[in-house]
Asker: 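Pasting a structure below so you can have a look.
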Amino acid sequence: AASQLCETALLSALIKHARAAGVTVTPERRAALKMSSARLTTALHLHSAHCAESDCAVPACASMRRAHTNACAHVKSGCEVGRENGCQGCQSVAILGVLHARYCNGVGCDVAYCE
């Protein structure tokens, strides 16, 4: 899923940064970094779902917005497989939608699976 890839990449970057700073990455610290990467990925998704700036300064906003737009178009196209039957595109959108819905008030929201 797109959010999992972002979270994994971010976690790797956080661990690499910590090690470069001379910090020992214990299992406890790794768990804390994993939680941080999940929160940052969610924040990026929330931002990119509603950002309309073509030259947004937030890193990865444009690529996350593009991935989200493509995934939503896939779902709206009437995928025959669907998320229940294992379609990766549909499952990615559903995961991002669930993350998004945790923080969205839902008023006028057109994000797929924002329920």
Side-chain angles (χ1 to χ4, degrees):
S3 63
Q4 184 63 39
L5 290 175
C6 291
E7 190 176 320
T8 301
L10 185 56
L11 176 60
S12 295
L14 289 172
I15 289 172
K16 183 177 179 181
H17 178 74
R19 287 182 178 149
V23 176
T24 302
V25 181
T26 63
E28 294 81 16
R29 186 169 303 248
R30 183 178 179 80
L33 289 172
K34 186 172 183 175
M35 287 180 64
S36 294
S37 67
R39 278 189 240 123
L40 289 170
T41 301
T42 301
L44 174 60
H45 173 66
L46 290 171
H47 167 81
S48 66
H50 297 289
C51 180
E53 295 181 34
S54 60
D55 59 342
C56 181
V58 174
C61 174
S63 61
M64 179 68 91
R65 184 173 50 237
R66 192 171 36 258
H68 181 74
T69 300
N70 291 341
C72 287
H74 170 78
V75 170
K76 291 176 183 176
S77 72
C79 176
E80 297 293 324
V81 177
R83 71 178 174 170
E84 297 82 15
N85 296 321
C87 173
Q88 290 296 316
C90 292
Q91 288 176 353
S92 294
V93 175
I95 289 167
L96 292 173
V98 169
L99 288 172
H100 170 84
R102 288 182 186 170
Y103 303 97
C104 182
N105 65 14
V107 178
C109 184
D110 62 350
V111 173
Y113 296 112
C114 178
E115 301 164 349

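Side chains included, hydrogens not; waters and symmetry mates left out as well; all remaining heavy atoms used. Predicted, not measured: the structure shown is a model, and the values here were computed from it.
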Asker: Among residues at least two apart in sequence or on other chains, which ones pass side chain to side chain contact (heavy atoms under 4.5 Å, CB included) with Ala62?
Answerer: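 Arg65, Arg66.
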Asker: Shortest non-hydrogen contact from Arg29 to Val23?
Answerer: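 Looking at all heavy atoms of both residues, the closest pair is NH1-CG1, 3.3 Å.
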Asker: With sequence neighbours excluded, tell me which residues meet side chain to side chain contact (heavy atoms under 4.5 Å, CB included) with Glu28.
Answerer: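 Applying side chain to side chain contact (heavy atoms under 4.5 Å, CB included) to Glu28 gives Thr26.
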